[in-house]
Amino acid sequence: MTKTMFPPSITNLLLQEGQRFQIQENFVEALGTGIICCVASARGGKTSLAYVMLDYVIRYTKRPVILDSFPQKVIDEGVPDHWRGRVFNTPFSQIATVNEPAVWLVDDSGTHYNSRDSMGGGKLLARTAGILSHFGGGMTVIFTTQLLSGVDVSFFRYTNMATIIRYVDRDVLKHERSEWKELVEEGQYQLNRVSSGRCLDYFWSGKDRQLVKVHFPDWLNKKIDPIKADLMSRPMRYHTVQDKERMIKGGSKVVRKSKTDKNKENMIE
């Protein structure tokens, strides 16, 4: 893993504000706040790619990482050892309680952050997008979704954004919102040039117009540690039945506090 493994639009949001990185022959300071939106059909590698980005954050910054409402079992048993003490499962609805420049992984399960969720998470994301730079000294959200048309459009209007395109099923693509459809179609064309099927080894960076090869860490390899790999690749599987029912019905998520919460105040020097 190197500091230049991602294209500029993504590096700009993963690094903490003011950290320097190289674009061609020039060095620039990272913005450190905004939205990285990863689009792919089910089992299209959205979450795995998000973990690669979070691993980058762990290695090259002091930013805390928050896996929005992940089951406590995943936090305790799934995350790699070098992540421990840096990872929390604070619900995104409690973003105002976090005083560090966190990087959030917010997964759109189709139940909490969709455009029709007029009273819940969908509107919460939209309202928060414009003030991410004011919370905790500047926060970044990695947001995964199966289709951009299912996300409240306000979420993308008020902050810096980088879009990542993974494999999207052709039948699903027909339902994409018109302003995004050309970008997603271009991503599918570029991905098909280098691979067939779900093309899990690459992604298309829309803002950089660049095809990027993904190098996945060993701890995501099911052949090396199938239990940990499953904990990380299907985290919502490990919620209690009661929490799954709340998610389906649109109620509030109930997630136990991470045991590492006591270290949160000392994470950023």
Asker: Would you name the heavy atoms of R20 and F27 that are closest together and state the gap between them?
Answerer: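 Closest approach of R20 to F27, heavy atoms only: NH2-CB, 3.1 Å.
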
Asker: Could you give the distance from NZ (K174) to CD (E185), rounded to the nearest 0.5 Å?
Answerer: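 One finds 12.0 Å between NZ of K174 and CD of E185.
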
Asker: Are any non-hydrogen side-chain atoms of P80 and P217 less than 4.5 angstrom apart?
Answerer: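 SC-SC contact between P80 and P217 ruled out.
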
Asker: For the pair R86 (side chain) and V65 (backbone), establish whether a donor and an acceptor sit closer than 3.5 Å, ignoring hydrogens and angles.
Answerer: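 Judged by distance alone, no pair lies under 3.5 Å.
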
Asker: Do the rings of W104 and F92 sit parallel, tilted or perpendicular, given the 30° and 60° boundaries?
Answerer: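 Geometry flag for F92 against W104: perpendicular rings.
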
Asker: So does G34 get a backbone contact from the side chain of N160, meaning a donor-acceptor N/O pair under 3.5 Å?
Answerer: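 Not confirmed, N160 side chain does not pair with G34 backbone.
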
Asker: Please name the residue in the list T47, L54, V106, I10 that meets the side chain to side chain contact (heavy atoms under 4.5 Å, CB included) test with I142.
Answerer: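 It is L54, the one option of T47, L54, V106, I10 that forms the side chain to side chain contact (heavy atoms under 4.5 Å, CB included) with I142.
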
Asker: Within the structure provided, determine whether M5 and T2 are in side-chain contact (heavy-atom separation under 4.5 Å).
Answerer: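 The answer is yes, as the side chains (C-beta and beyond) meet within the 4.5 Å cut-off.
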
Asker: Check whether any side-chain N or O of K46 sits under 3.5 Å from a backbone N or O of A40 as a donor-acceptor pair, and report yes or no.
Answerer: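 Pair found, side chain donor or acceptor close to backbone of A40.
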
Asker: Identify the two heavy atoms, one from I165 and one from G187, that lie closest to each other, and give their separation to 0.1 Å.
Answerer: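 Shortest heavy-atom contact: CG2-CA, 4.0 Å.
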
Asker: Give a yes or no on whether E182 atom CD has more than 12 heavy-atom contacts from other residues, nucleotides or ligands under 6.0 Å away.
Answerer: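 It does not: E182 CD has 12 such atoms or fewer within range.
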
Asker: For the side chain of Q19 and the backbone of Y60, is there at least one donor-acceptor N/O pair under 3.5 Å apart?
Answerer: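 Here the side-chain-to-backbone pair exists.
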
Asker: Quick check: does any side chain N or O of E176 sit under 3.5 Å from a backbone N or O of L148, one acting as donor and the other as acceptor?
Answerer: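 Side chain of E176 to backbone of L148: a pair is present.
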
Asker: Test your reading of the model: is there a side-chain donor-acceptor pair from T140 to the backbone of L13, 3.5 Å cut-off?
Answerer: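 Here the side-chain-to-backbone pair exists.
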
Asker: OG1 of T11 to CD1 of I23: how many Å apart, nearest 0.5 Å?
Answerer: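 T11 OG1 to I23 CD1: 8.0 Å, rounded to 0.5 Å.
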
Asker: With a 4.5 Å limit on heavy-atom distance, are the side chains of D81 and W219 in contact?
Answerer: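 Counting from C-beta outward, D81 and W219 never come under 4.5 Å.
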
Asker: Return the CD1 to CG distance between I75 and N89, rounded to the nearest 0.5 Å.
Answerer: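 That separation rounds to 4.5 Å.
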
Asker: Measure the spacing between NE2 of H215 and CG of D55 and express it to the nearest 0.5 Å.
Answerer: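 Taking NE2 in H215 and CG in D55, the distance rounds to 13.5 Å.
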
Asker: For K223, does the NZ atom have more than 12 heavy-atom neighbours from other residues, nucleotides or ligands under 6.0 Å away?
Answerer: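 No, not enclosed.
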
Asker: Sub-3.5 Å donor-acceptor pair from the side chain of R237 to the main-chain atoms of D230, do we have one?
Answerer: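 Not confirmed, R237 side chain does not pair with D230 backbone.
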
Asker: Side chain to side chain contact (heavy atoms under 4.5 Å, CB included) between L200 and Y202: does it pass, once the steps are laid out?
Answerer: CA-CA 6 Å; L200 297 178; Y202 290 86; over 6 Å; no

Asker: Mind checking whether L14 and I36 have side chains closer than 4.5 Å, heavy atoms only?
Answerer: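 Answer yes - side chains close enough.
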
Asker: Has the side chain of N192 got a donor or acceptor atom that lies under 3.5 Å from a matching backbone atom of Q188?
Answerer: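 Yes.
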
Asker: To the nearest 0.5 Å, what is the distance between CZ on R84 and CD1 on I58?
Answerer: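 These two atoms lie 11.5 Å from each other.
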
Asker: So K3 and L15, do their side chains get closer than 4.5 Å, heavy atoms only?
Answerer: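 In contact.
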
Asker: What's the shortest heavy-atom distance between S233 and R43, and which atoms?
Answerer: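 For S233 and R43, the tightest heavy-atom pair comes out as O-NH1, 3.6 Å.
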
Asker: Should L147 and W180 be marked as a side chain to side chain contact (heavy atoms under 4.5 Å, CB included) after you check the CA-CA gap, both sets of side-chain angles, and the distance that decides it?
Answerer: CA-CA 9 Å; L147 205 61; W180 294 106; over 6 Å; no

Asker: Assess the residue pair K207 and T163 against the criterion (side chain to side chain contact (heavy atoms under 4.5 Å, CB included)); give the C-alpha distance rounded to whole Å, side-chain angles, the decisive distance to 0.1 Å, and a yes or no.
Answerer: CA-CA 7 Å; K207 180 170 280 190; T163 307; over 6 Å; no

Asker: Side chain to side chain contact (heavy atoms under 4.5 Å, CB included) for V52 and F216? Distances and angles first, verdict last.
Answerer: CA-CA 7 Å; V52 176; F216 292 101; 3.5 Å; yes

Asker: I'd like to know if the side chain of R166 reaches the main chain of S41, judged simply by a donor and an acceptor atom lying under 3.5 Å from each other, with no hydrogens or angles considered.
Answerer: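 No, the answer is negative, given that no donor and acceptor are paired below the 3.5 Å cut-off.
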
Asker: What residue pairs, at least two apart or across chains, pass ring-ring contact (aromatic ring centres under 6.0 Å, His included) with a residue in residues 1-21?
Answerer: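 Checked against ring-ring contact (aromatic ring centres under 6.0 Å, His included) - neighbours excluded - the pairs reaching residues 1-21 are F6-Y56.
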
Asker: Any non-hydrogen side-chain atom of D201 less than 4.5 Å from a side-chain atom of S195?
Answerer: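 No. Closest side-chain heavy atoms not under 4.5 Å.
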
Asker: Do the side chains of Y167 and L173 join up, straight or via other hydrophobic residues, at under 4.5 Å, putting them in one cluster?
Answerer: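 In one cluster with Y167: L173, no.
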
Asker: Over all heavy atoms of both residues, which pair between Y51 and W83 is shortest? Give the atoms and the distance, please.
Answerer: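 Minimum heavy-atom separation between Y51 and W83: O-CZ2, 3.7 Å.
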
Asker: Thinking salt bridges, do E186 and R209 make one under a 4.0 Å N-O criterion?
Answerer: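 The answer is yes: the pair qualifies as a salt bridge.
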
Asker: Any donor and acceptor pair, going by atom type alone, linking the side chain of T33 with main-chain N or O of M139 inside 3.5 Å?
Answerer: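 Here the side-chain-to-backbone pair exists.
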
Asker: So how far is it from L191 CG to R198 CZ, rounded to the nearest 0.5 Å?
Answerer: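 These two atoms lie 13.0 Å from each other.
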
Asker: For the residue pair H175 and D171, what are the closest heavy atoms and their distance?
Answerer: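 Shortest heavy-atom contact: CD2-O, 3.3 Å.
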
Asker: How far apart are the closest heavy atoms of L220 and S48, and which atoms are they?
Answerer: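 Minimum heavy-atom separation between L220 and S48: CD1-O, 3.9 Å.
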
Asker: More than 12 heavy atoms of other residues, nucleotides or ligands under 6.0 Å from CD of E17: is that the case?
Answerer: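 No.
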
Asker: Kindly work out whether a path of hydrophobic side-chain contacts (I/L/V/M/F/W/Y, heavy atoms less than 4.5 Å apart) joins V184 to Y189.
Answerer: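 No, because V184 and Y189 fall into different hydrophobic clusters, even though each may have its own neighbours under 4.5 Å.
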
